[in-house]
Asks: 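First the structure, which I've put down as structure tokens, then a few questions once you've had a look.
Chain letters run A, B, ... following the sequence lines, proteins first and then strands; every chain starts at 1. Computed from a predicted model, the values in this text were never measured in an experiment.
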Number of protein chains: 2
Amino acid sequence: MSEHTGSRPHPPISRRSGQSLYLQIANDLRRRIAEGELRTGDPVPSEQALVERFGVSRGTVRQARAMLRADGSIGGSQGRTLAVQGVNLTQPVGGLITFSAWVRSLGMRPSGRLLRLSPEPVAAAEAEQVGVAPGSVVYRLERVRLADGEPLMVDRTVFPEAIGPMLVGIDLDSGSVYAELAAHGIAVASAGHRIDAIAAHCP
Amino acid sequence: MSEHTGSRPHPPISRRSGQSLYLQIANDLRRRIAEGELRTGDPVPSEQALVERFGVSRGTVRQARAMLRADGSIGGSQGRTLAVQGVNLTQPVGGLITFSAWVRSLGMRPSGRLLRLSPEPVAAAEAEQVGVAPGSVVYRLERVRLADGEPLMVDRTVFPEAIGPMLVGIDLDSGSVYAELAAHGIAVASAGHRIDAIAAHCP
DNA sequence: CAGTGGTCTAGACCACGTA
DNA sequence: ACGTGGTCTAGACCACTGA
């Protein structure tokens with residue numbers, strides 16, 4: 001309903017909101033997918049449709065849709081109408097490595113709150129995963145990660161003892177640990193993620 | 001050396017090679033990083049420099065550099081000269097979920113060869129990871145993944161028994177298992193990756 | 001065939017960081 | 001003040017898909 005209602009009612013887009021047009025369009029599409037207005041398999045509005053809908057140029061629309069393609073929200077190929085891939089992963093799986101960059105790319109302000117940073121003997125189950133000898137000491141880092149002040153996730157990271165001293169100099173409340181470590185010449189050689197979704201609030 | 005040698009010597013770029021200009025530029029940058037000509041921390045050639053170097057428009061250069069930003073090869077922020085992040089991850093960590101799409105985005109042709117697809121009792125160590133009861137049956141999928149015919153990686157995937165029957169109908173040699181499963185209404189709720197690098201050949 | 005997306009151009013203005 | 005990257009426009013041509 002209301003696909004061509006009068007002059008231009010729908011577009012929740014503003015030219016001087018500080019946020020770029022393509023971000024507003026991308027987030028509008030994301031919202032419509034998240035809210036179920038666009039379901040998996042549904043066709044994504046064509047470039048031409050979005051150009052007219054929001055009154056922007058084609059390049060801007062393409063930039064917006066490119067964001068959704070990058071994280072797998074929509075997909076398809078040349079000639080065909082793009083389709084909604086899935087609501088599943090709003091973020092790329094590997095994006096956890098650079099939470100800060102990911103949140104920033106969504107037009108939000110990343111932050112964090114340190115819950116714990118302590119040296120501990122490694123748990124038996126973790127020893128092999130982290131690649132250290134059973135019984136050795138690891139640093140356990142726990143942070144709440146926020147986007148625009150809204151809690152998004154909790155991440156628990158385990159570092160070998162050798163990394164520990166470098167962590168204390170890092171502003172753990174805001175930055176990307178991996179970016180800082182990279183600046184110290186520490187590269188990620190092996191990565192593992194376990195992702196679970198639990199309700200953070202009851203809607 | 002040879003930054004302005006005569007007319008236009010350097011550019012290993014062709015306008016009618018079937019490959020898009022931005023891909024050729026992106027791959028040239030990737031090559032220079034991989035070969036050590038550009039090391040971690042080094043400044044990436046500015047947009048203006050690349051525009052003159054390759055004789056293309058700024059938009060094309062931006063599209064090329066956007067690819068390297070997406071996979072974390074280069075990074076930085078507004079106003080500053082972008083810098084090489086690291087040679088480490090040539091691909092985004094989460095990209096494994098869509099190997100096909102990743103290879104295609106690099107301008108290469110993805111393919112695969114099925115090594116094994118068999119139902120087996122789950123190993124004790126895997127039971128918890130996959131989230132099934134110890135002793136139950138899982139499907140073990142092993143494939144060699146190729147880019148332009150070149151072996152790139154081996155992936156081993158373990159699926160719960162319920163998924164098994166859906167796998168037989170999928171062309172495991174070419175497609176993305178996850179894309180097919182998504183078409184059957186199966187979403188990824190939990191993902192884990194372990195990535196190790198071993199020599200596939202001796203250079 | 002018309003519609004869609006993919007690529008490329010040439011220009012413009014702005015925001016930021018550094019000198 | 002200058003160079004950098006970030007955003008946006010308006011147009012063009014091509015490749016592919018589907019009716």
Asks: Base of dT7(C), side chain of Arg58(A) - is there a donor-acceptor contact under 3.5 Å?
Replies: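 Such a pair is found, so the answer is yes.
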
Asks: Looking at the side chain of Leu21(B), which of dT7(D), dG5(C), dC8(C) is the nearest nucleotide?
Replies: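 The listed nucleotide nearest to Leu21(B)'s side chain is dC8(C).
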
Asks: Given dG6(C), is OP1 or OP2 found less than 4.0 Å from the side-chain N or O atoms of Arg62(A)?
Replies: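 Checking Arg62(A) against dG6(C): at least one side-chain N or O falls below 4.0 Å of OP1 or OP2.
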
Asks: Quick check: do Thr40(B) and Gln85(B) have side-chain heavy atoms less than 4.5 Å from each other?
Replies: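 Side-chain contact under 4.5 Å: no.
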
Asks: Measure CG/Leu50(A) against C1'/dT4(C) and give the value in whole Å, please.
Replies: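 So the CG-C1' distance, Leu50(A) to dT4(C), works out to 13 Å.
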
Asks: Nearest whole Å is fine: how far is dC14(D) P from Arg15(B) CZ?
Replies: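 Computing the Arg15(B):CZ to dC14(D):P distance gives 14 Å.
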
Asks: Find the distance Gln48(A):CD to dA2(C):P and express it as a whole number of Å.
Replies: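 Distance, rounded to whole Å: 15 Å.
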
Asks: Taking the side chain as C-beta and beyond, is there a heavy-atom pair between Arg39(B) and Val84(B) under 4.5 Å?
Replies: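 Arg39(B) does not reach Val84(B) side chain to side chain.
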
Asks: Does Arg140(B) reach the side chain of Leu117(B), with side-chain heavy atoms less than 4.5 Å apart?
Replies: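 Of all side-chain heavy-atom pairs linking Leu117(B) with Arg140(B), none is under 4.5 Å.
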
Asks: If I take atom CD in residue Glu47(B) and atom C1' in nucleotide dA10(C), what distance separates them, rounded to the nearest angstrom?
Replies: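 Glu47(B) atom CD is separated from dA10(C) atom C1' by 15 Å.
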
Asks: Arg69(B) near the nucleic acid: base, sugar-phosphate alone, or nothing, with a heavy-atom cut-off under 4.0 Å?
Replies: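 Since only primed, P, OP1 and OP2 atoms lie under 4.0 Å of Arg69(B), the category is sugar-phosphate.
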
Asks: Measuring only between side-chain heavy atoms, which start at C-beta, is Met67(B) closer than 4.5 Å to Asn27(B)?
Replies: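 No. Closest side-chain heavy atoms not under 4.5 Å.
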
Asks: Please check if the side chain of Gln24(B) supplies one atom and the backbone of Ser14(B) the other of a donor-acceptor pair under 3.5 Å.
Replies: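 Yes.
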
Asks: Taking only the side-chain nitrogens and oxygens of Thr60(A), find out if one of them lies under 4.0 Å from OP1 or OP2 of dT9(D).
Replies: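 Indeed, a polar side-chain atom of Thr60(A) lies that close.
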
Asks: Does the side chain of Tyr22(B) get closer than 4.0 angstrom to OP1 or OP2 of dT7(C) through an N or O atom?
Replies: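 For Tyr22(B), the contact criterion (side-chain N or O under 4.0 Å from OP1 or OP2 of dT7(C)) is met.
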
Asks: Could you tell me how far apart Gln78(B) (CD) and dT7(D) (P) are, to the nearest whole angstrom?
Replies: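 After rounding, the reported distance stands at 7 Å.
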
Asks: What's the CZ-P distance between Phe54(B) and dT9(C), to the nearest Å?
Replies: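 Phe54(B) atom CZ is separated from dT9(C) atom P by 13 Å.
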
Asks: Using atom CZ of Arg65(B) as one end and atom P of dT7(D) as the other, report the distance to the nearest whole Å.
Replies: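 In whole Å, dT7(D) P lies 13 Å from Arg65(B) CZ.
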
Asks: Rounded to whole angstroms, how far apart are CD on Gln63(A) and C1' on dC8(D)?
Replies: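 Rounded to the whole Å, the gap is 9 Å.
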
Asks: Check whether any side-chain N or O of Arg80(B) sits under 4.0 Å from OP1 or OP2 of dG5(D), and answer yes or no.
Replies: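 Answer no for this pair, as no side-chain N or O of Arg80(B) is under 4.0 Å from OP1 or OP2.
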
Asks: Map Gly79(A) and Leu23(A) onto DNA chain D by nearest heavy atom, then report which one ends up closer to the 5' terminus.
Replies: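 First, find each residue's nearest nucleotide; the 5'-ward one identifies Leu23(A).
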
Asks: Compare the minimum distances between each of dG5(C), dT4(D), dC8(C) and the side chain of Leu82(A), then state the nucleotide with the smallest one.
Replies: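 Closest of the options to the side chain of Leu82(A): dG5(C).
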
Asks: Which nucleotide, dG5(D), dT9(C), dC8(D), lies nearest any side-chain atom of Val56(B)?
Replies: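 The listed nucleotide nearest to Val56(B)'s side chain is dT9(C).
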
Asks: Taking only the side-chain nitrogens and oxygens of Ser57(B), find out if one of them lies under 4.0 Å from OP1 or OP2 of dC8(C).
Replies: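 Ser57(B) to dC8(C) OP1/OP2: no side-chain N or O under 4.0 Å.
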
